[in-house]
Novice: 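Below is a structure I'd like to ask you about.
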Number of protein chains: 2
Amino acid sequence: MPSPKPKRRPSRRAASPRPSPKPYHHGDLRRALVDAALHLAAAGAEVSVREAARRAGVSPGAPFRHFPSRDALMTAVAAEAQRRFRSEIEAALAAAPSDDPLAQIRSLGLAYLRWAMKNPAHFEIISTGKYFDHDAAGEVSKDNAEIIAVMARLLGEAAARGKLRHGDLKRTQIAARALVYGFARMLIDGHFPRWGIAEDEVEPMAEGIVDLFIDGIAK
Amino acid sequence: MPSPKPKRRPSRRAASPRPSPKPYHHGDLRRALVDAALHLAAAGAEVSVREAARRAGVSPGAPFRHFPSRDALMTAVAAEAQRRFRSEIEAALAAAPSDDPLAQIRSLGLAYLRWAMKNPAHFEIISTGKYFDHDAAGEVSKDNAEIIAVMARLLGEAAARGKLRHGDLKRTQIAARALVYGFARMLIDGHFPRWGIAEDEVEPMAEGIVDLFIDGIAK
DNA sequence: ACCTGAACACCGTTCAAGT
DNA sequence: ACCTGAACACCGTTCAAGT
């Protein structure tokens with residue numbers, strides 16, 4: 001991952017000869033904290049408010065001017081990750097043949113798994129229910145609901161064309177989601193070594209289970 | 001869950017007239033700490049070494065005489081939970097028709113999901129890769145490997161009788177595990193409300209996806 | 001308006017000292 | 001042999017005080 005280094009943004013107007021190394025007003029501390037948290041997570045570290053503050057060059061109390069709690073920060077981080085996740089999935093769907101719903105479902109599943117494999121820590125932040133207990137996380141829910149809606153539409157089209165063996169679309173959709181969610185989670189939770197699956201076998205296996213599932217539901 | 005209350009075991013030899021309310025030697029502090037942690041988790045609380053020590057009536061440093069770290073305590077907790085999980089699954093398998101591998105696989109899947117639904121916090125402790133990073137957790141791995149082996153045997157039998165559509169048994173097994181793991185995790189991570197699945201719809205849905213999957217792999 | 005820095009109540013963990 | 005209790009370095013969070 002090419003880590004976009006902490007951008008020292010030019011101060012808002014005329015830059016003073018020597019830009020102060022620790023400006024009193026940060027400019028966009030909120031954004032800097034979210035970025036720091038994303039980098040911490042991607043590096044495999046625990047995300048702490050204090051460490052994010054350190055990375056942003058501010059005092060331990062400063063983040064609480066922008067987020068009422070650690071959970072609120074993590075919710076913002078999750079929203080950003082979910083946004084990236086969704087946009088990658090939509091790109092994959094756009095590249096798939098638009099007249100074949102099962103092929104589109106396959107693309108959706110593969111894009112889902114590929115993103116999770118490339119961004120395991122961010123996937124975990126999106127997935128785990130530790131933050132935003134209710135669905136107070138409007139943005140996260142919205143982006144997720146969008147993916148759910150796309151999948152529902154694709155399943156509906158497939159059913160309309162007589163391509164599905166099973167009539168209960170909701171059940172089919174939950175099973176599909178459980179499959180990819182479970183695979184991604186097993187990866188993140190470190191189960192594959194115990195299953196004798198080496199790192200370079202994960203991606204082919206991901207493809208394999210998507211195909212196996214689609215074969216199973218297709219008529 | 002009938003909480004087995006912290007057993008005040010009789011002091012080792014002749015009990016003094018009034019048993020001291022806070023005995024200096026605990027008897028089995030290790031066990032008491034694991035039990036406390038299991039109860040804390042089941043109650044939805046964070047498991048902390050200090051809180052477990054408090055529950056066991058000892059000082060904050062005492063647990064470290066029995067566990068080198070918090071992770072070591074959690075590993076012991078996970079081992080106990082995994083043991084219970086495995087024994088419930090084996091009971092369910094024993095009750096299923098022994099001459100029908102697909103029916104046994106169905107029983108296995110349902111027992112897996114039922115235990116996870118009844119013991120979400122314990123399932124999470126077993127599943128999450130935060131503790132016992134490698135497979136240093138001998139007991140957990142052994143009990144889990146046992147379940148994996150049973151499933152592999154059942155799939156092998158089903159294939160030998162020509163009951164499977166797909167020849168790649170490993171792939172089929174990973175897909176099956178990802179399905180139940182993902183369903184359990186979605187429950188724990190709190191995703192079902194966002195999917196419009198109420199609490200009393202979870203169990204039928206669990207059955208539904210197991211049946212759908214087995215239909216998909218059966219010939 | 002935004003940030004500092006000290007403070008508080010929590011953790012995990014260590015270690016001398018007690019019994 | 002096992003536990004206490006103080007200590008240390010961390011957290012999240014609050015709040016007066018600074019600019």
Side-chain angles (χ1 to χ4, degrees), chain A residues 6 8-9 11-13 16 19-37 40-41 43-78 125 128 130-133, chain B residues 6 8-9 11-13 16 19-37 40-41 43-78 125 128 130-133:
Chain A
R8 179 171 306 283
R9 38 164 63 232
S11 57
R12 207 171 284 278
R13 221 160 245 278
S16 51
S20 60
K22 201 181 168 188
Y24 189 79
H25 290 83
H26 190 283
D28 196 350
L29 180 53
R30 191 194 147 89
R31 177 84 226 164
L33 291 167
V34 170
D35 282 347
L40 280 170
E46 284 295 305
V47 176
S48 79
V49 178
R50 289 180 100 107
E51 183 59 31
R54 252 171 249 130
R55 301 274 174 121
V58 295
S59 75
F64 293 90
R65 240 354 96 160
H66 298 269
F67 300 100
S69 68
R70 191 193 111 109
D71 277 12
L73 169 59
M74 293 308 283
T75 301
V77 171
I125 289 173
T128 195
K130 296 278 164 66
Y131 333 109
F132 43 91
D133 287 308
Chain B
R8 179 170 307 282
R9 37 163 66 233
S11 58
R12 206 172 284 279
R13 221 160 248 277
S16 51
S20 60
K22 201 183 168 188
Y24 188 78
H25 291 83
H26 190 283
D28 195 351
L29 180 53
R30 190 192 149 88
R31 178 85 226 163
L33 290 167
V34 171
D35 282 346
L40 280 170
E46 283 297 302
V47 177
S48 80
V49 177
R50 288 181 100 106
E51 183 59 30
R54 251 171 250 131
R55 300 276 174 121
V58 295
S59 75
F64 293 91
R65 236 2 92 163
H66 299 269
F67 300 100
S69 68
R70 191 194 112 110
D71 277 11
L73 168 60
M74 293 308 282
T75 301
V77 171
I125 289 173
T128 194
K130 296 277 164 67
Y131 332 110
F132 43 90
D133 287 308

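Note that the coordinates shown come from a computational prediction; the quantities given were computed from them, not determined experimentally. Heavy atoms only: backbone and side chains are in, while hydrogens, waters and symmetry mates are out. Per chain, numbering begins at 1; letters A, B, ... match sequence-line order.
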Novice: In whole angstrom, give the distance that lies between atom CG of A:L33 and atom P of D:dG12.
Specialist: 12 Å

Novice: For residues A:F64 and A:V49, determine if any side-chain heavy atom of one lies less than 4.5 Å from a side-chain heavy atom of the other.
Specialist: yes

Novice: Closest heavy-atom contact between B:A52 and B:L40?
Specialist: N-CD1, 4.1 Å

Novice: Measuring from atom CZ of B:R50 to atom OG of B:S59, what distance do you get when rounded to the nearest 0.5 angstrom?
Specialist: 9.5 Å

Novice: How long is the line joining CG of A:L73 and C1' of D:dT13, in whole Å?
Specialist: 14 Å

Novice: Measure from CG on B:L29 to C1' on D:dT4 and round the result to the nearest Å.
Specialist: 13 Å

Novice: Can you tell me if B:R65 touches the phosphate of C:dT13, counting only side-chain N or O atoms and a distance under 4.0 Å to OP1 or OP2?
Specialist: no

Novice: Could you tell me how far apart B:E51 (CD) and C:dC11 (P) are, to the nearest whole angstrom?
Specialist: 7 Å

Novice: How close or far is atom C1' of C:dC10 from atom CZ of B:R70, stated in whole angstroms?
Specialist: 14 Å

Novice: Below 3.5 Å is the cut-off: list the nitrogen or oxygen pairs between protein and nucleotides 7-9 of chain D, distance only.
Specialist:
none

Novice: If you find the nucleotide of DNA chain D closest to A:A62 and the one closest to A:V47, which residue's nucleotide is nearer the 5' end?
Specialist: A:V47

Novice: Of all heavy-atom pairs between B:P63 and B:V58, which one has the smallest distance, and what is that distance?
Specialist: CD-CG2, 4.5 Å

Novice: Would you say B:R30 and B:F67 make side-chain contact, with heavy atoms under 4.5 Å?
Specialist: yes

Novice: Find out whether A:L73 and A:L33 are in side-chain contact, i.e. whether some heavy atom of one side chain is under 4.5 Å from a heavy atom of the other.
Specialist: yes

Novice: Check whether any side-chain nitrogen or oxygen of A:H66 sits under 4.0 Å from OP1 or OP2 of C:dC2, and answer yes or no.
Specialist: no

Novice: What is the separation between atom CZ on B:F67 and atom P on D:dC2, rounded to the nearest whole Å?
Specialist: 13 Å

Novice: Consider the side chain of B:F64, meaning its heavy atoms from C-beta on, and name the nucleotide among D:dC11, C:dT14, D:dT13 that approaches it most closely.
Specialist: C:dT14

Novice: Taking the side chain from A:R55 and the backbone from A:A32, do they hold a donor-acceptor pair closer than 3.5 Å?
Specialist: no

Novice: Of all the nucleotides listed (C:dC3, C:dG12, D:dG12), which has the minimum atom distance to the side chain of A:S48?
Specialist: D:dG12

Novice: Separation of A:D71 atom CG from D:dC11 atom P, in whole Å?
Specialist: 17 Å

Novice: Would you write out the dot-bracket form of DNA chain D, 5' to 3', with Watson-Crick and G-U pairs under 3.5 Å, [ ] for crossing pairs, | for pairs to other strands and . for unpaired bases?
Specialist: ||.|||||...|||||.||

Novice: Would you kindly compare B:R54 and B:G61 by the position of their nearest DNA chain C nucleotide and give the one closer to the 5′ end?
Specialist: B:R54

Novice: For a side-chain contact (heavy atoms from CB on, under 4.5 Å) with A:M74, tell me which candidate from A:T128, A:V34, A:I125 qualifies.
Specialist: A:I125

Novice: Starting at atom CG of A:D28, determine the distance to atom C1' of C:dA1, rounded to an integer number of angstrom.
Specialist: 15 Å

